[in-house]
Number of protein chains: 2
Amino acid sequence: MNSVPTNPPGEGAGSSASPSFRPLYQQIKALITQSLQSGEWKPGELMPSEVELAARFKVSQGTVRKAIDELAAENLVVRRQGKGTFVATHHEERAHFRFLRLMPDEGVPHHPDNRIIEVKRIRAPAEVVRLLELKSGDAVVYIKRVQSFDGAPTILEELWLPGQIFKGLTAERLVEYKGPMYGLFESEFGTRMIRATEKIRAVGADTVAAQYLGVPEGTPLLCADRVSFTYGDRPVELRRGLYSTAQHHYQNELS
Amino acid sequence: MNSVPTNPPGEGAGSSASPSFRPLYQQIKALITQSLQSGEWKPGELMPSEVELAARFKVSQGTVRKAIDELAAENLVVRRQGKGTFVATHHEERAHFRFLRLMPDEGVPHHPDNRIIEVKRIRAPAEVVRLLELKSGDAVVYIKRVQSFDGAPTILEELWLPGQIFKGLTAERLVEYKGPMYGLFESEFGTRMIRATEKIRAVGADTVAAQYLGVPEGTPLLCADRVSFTYGDRPVELRRGLYSTAQHHYQNELS
DNA sequence: AAGTGGTCTAGACCACTTT
DNA sequence: AAGTGGTCTAGACCACTTC
């Protein structure tokens, strides 16, 4: 059972000292995030109601509300009127396309077919050590795969995952698992991706890429370097995707 | 002076009929947006305080607050504690990089040098008619320019703007205007871009692009097709950018 | 009918800025 | 001191879902 959060010295409600002031609702938000991270409520599960949380943290329902509002805006939880608040999960239609921005030029988006090319454990290359904040010499799981839409190979991807976290991740488990990879990571390895950054460039297909994607060598491809983060902004995935943009495009909203 | 918004039949506060229910704060938000669109408060200006708006619309301050909260989240207004709420403008540092996602691989981003290549009025091509929702035969202003970073030409851009709105937009005005183009559009043509969608592909540099960007023909380039919208989701700009990604990348956040 | 999130209000006080 | 946005509370009622 958690107890009352406190501002510097101050009492109950809106009173607090000036320096290092932190709103109550942000403290509540941090406490809820901790519970999400620790797995007290698991992805897909129903969370305690706002009234219950207000009682538990000894604050008003409005304060809990504001905390949850922000968590919902960050896609950590999902609110459903009349039902309750649920922990977000990658096992949902709506989540599948949050990290897959490649859309068909015509027609509706649908799920790709995956073909695993290679899975192995290696010592993390220097670049991977840096981006995933590992220690030199740490092991990583390396994955290489091709994704096809309507039978046309479109994405060639390489992934690097911390070996520490993804112990026991084998080609077999990847192949037999149905659904998005982030769903597997969430369910089987307790690691939920909540945010990512991508750097995108145009490159020419090298021999290997040309072969896997079935295009001539030198064909312009989109190259997306992604770093994904879990709770606490810890980087836990590095991914390099090569996208064939003959019949697809990378869709982005500027707002 | 605006008057009280009303839900179907219901009275003042939270009472309303079930069908076609629309929260009060969304109605207030719509009214405020109208005032923004009509120019009652101009970009960069101070808006009436929450208390004033609450009185004007005859609702509680909390309801106005929630309306403004959403407008701030959509970057239509900017709140500043102790000072007030201001109409957002493209004449600010913070706004400059909201629509410019190309970042240097190393070092800090800075503003490009613009070189206007061509400005002319033409009949809108079919594709432009479609995307800008014009009538066949309507005139558009066509602009072609190159942007350089540190003296290196990096972006070759073509723009198509509705001739109706952008009357009198000449090469001279573009050249003499200092600052971001969206600032010019906002100040001189009363059209504020508030949102855009981009479709990104990898293409090979054609002869023209190769020449302007100083790269060999066939060099892979990022091609970004942008449609920008003003109030009411009206499309008012079409832009095709070719980005040289030798020393830059397109930065994106997935969240 | 009971429980959930969603809206609306009224009032208090805090943090920040300007006068 | 006065005005602004920001936080917090308490209570009422609404819309939606489930029992």
Side-chain angles (χ1 to χ4, degrees), chain A residues 4-30 32 41 45-73 77-88, chain B residues 4-30 32 41 45-73 77-88:
Chain A
V4 197
T6 56
N7 255 334
E11 312 120 60
S15 68
S16 65
S18 187
S20 79
F21 162 73
R22 193 145 173 249
L24 236 193
Y25 77 88
Q26 283 190 19
Q27 301 178 39
I28 303 299
K29 180 184 169 189
I32 296 176
W41 316 304
E45 280 183 12
L46 179 63
M47 286 173 44
S49 73
E50 295 177 354
V51 176
E52 283 177 277
L53 289 172
R56 164 163 162 180
F57 297 129
K58 298 203 173 63
V59 299
S60 79
Q61 185 182 348
T63 299
V64 169
R65 236 189 121 58
K66 179 135 188 177
I68 296 182
D69 277 346
E70 291 202 350
L71 294 172
V77 303
V78 176
R79 321 188 77 144
R80 288 186 210 170
Q81 191 175 31
K83 300 174 106 172
T85 304
F86 297 78
V87 183
Chain B
V4 197
T6 56
N7 254 334
E11 314 120 59
S15 68
S16 66
S18 186
S20 79
F21 162 74
R22 190 140 175 254
L24 236 193
Y25 77 89
Q26 283 191 20
Q27 302 177 41
I28 303 299
K29 181 185 169 190
I32 296 176
W41 316 304
E45 280 183 11
L46 178 64
M47 285 174 44
S49 74
E50 294 177 353
V51 176
E52 284 177 275
L53 290 172
R56 164 163 161 180
F57 297 129
K58 298 204 173 63
V59 298
S60 79
Q61 186 182 349
T63 299
V64 170
R65 237 190 120 59
K66 179 136 189 178
I68 295 181
D69 277 346
E70 292 203 351
L71 293 173
V77 302
V78 177
R79 323 187 75 143
R80 289 187 208 166
Q81 192 175 30
K83 300 173 104 171
T85 303
F86 297 78
V87 183

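So that the names make sense, note that chain A is the first sequence line, chain B the second, and so on, each numbered from 1. As the structure is a prediction and not an experimental result, all values here were calculated from the model.
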Residue-phosphate contact under 4.0 Å: [X] side-chain N/O, [N] OP1/OP2:
X        : N      : answer
Arg65(B) : dG6(D) : yes
Arg79(B) : dG6(D) : yes
Thr63(B) : dT7(C) : no
Lys66(A) : dC8(D) : no
Thr85(B) : dG5(D) : yes

How many whole angstroms separate atom [atom1] of [X] from atom [atom2] of [N]?
X        : N       : atom1 : atom2 : answer
Arg22(A) : dA15(C) : CZ    : P     : 15 Å
Asp69(B) : dC8(C)  : CG    : C1'   : 14 Å
Ile68(B) : dT7(D)  : CD1   : P     : 14 Å
Leu46(B) : dT4(D)  : CG    : C1'   : 9 Å
Lys58(A) : dA10(D) : NZ    : C1'   : 18 Å
Leu53(B) : dT9(C)  : CG    : P     : 14 Å
Ile28(A) : dT7(D)  : CD1   : P     : 14 Å
Phe86(A) : dT4(C)  : CZ    : P     : 12 Å

Nearest-nucleotide comparison on DNA chain D, the residue closer to the 5′ end among Gln81(A) and Gln61(A):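 This one resolves to Gln61(A).
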Closest to side chain of [X], choosing from [options]:
X        : options                 : answer
Tyr25(B) : dG6(C), dT9(D), dC8(C)  : dC8(C)
Pro23(B) : dT4(D), dC8(C), dG6(C)  : dC8(C)
Leu24(B) : dG6(C), dC8(C), dC16(C) : dC8(C)

Residues two or more places apart in sequence or in another chain: which of them pass side-chain contact (heavy atoms from CB on, under 4.5 Å) with [X]?
X        : answer
Ala73(B) : none
Gln81(A) : none
Ala30(B) : Arg22(B)
Phe86(A) : Leu46(A), Arg80(A), Lys83(A)

Any side-chain heavy-atom pair of Leu24(B) and Phe57(B) under 4.5 Å: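 No. Closest side-chain heavy atoms not under 4.5 Å.
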Pair pattern of DNA chain D in dot-bracket, where unpaired bases get dots and | marks partners in another strand, Watson-Crick or G-U under 3.5 angstrom: ||||||||||||||||||.
Working for side-chain contact (heavy atoms from CB on, under 4.5 Å), residues Val59(B) and Tyr25(B): CA-CA 9 Å; Val59(B) 298; Tyr25(B) 77 89; over 6 Å; no
Nearest-nucleotide comparison on DNA chain C, the residue closer to the 5′ end among Ser60(B) and Lys83(A):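 This one resolves to Lys83(A).
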Residues which pass side chain to side chain donor-acceptor pair (under 3.5 Å) with Gln26(B), listed by chain and number, not counting sequence neighbours: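 Side chain to side chain donor-acceptor pair (under 3.5 Å) check on Gln26(B) returns nothing, list empty.
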Side chain to side chain contact (heavy atoms under 4.5 Å, CB included) partner of Met47(A), chosen from Val77(A), Val78(A), Leu71(A):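 Result: among Val77(A), Val78(A), Leu71(A), Val77(A) is the only option passing the side chain to side chain contact (heavy atoms under 4.5 Å, CB included) with Met47(A).
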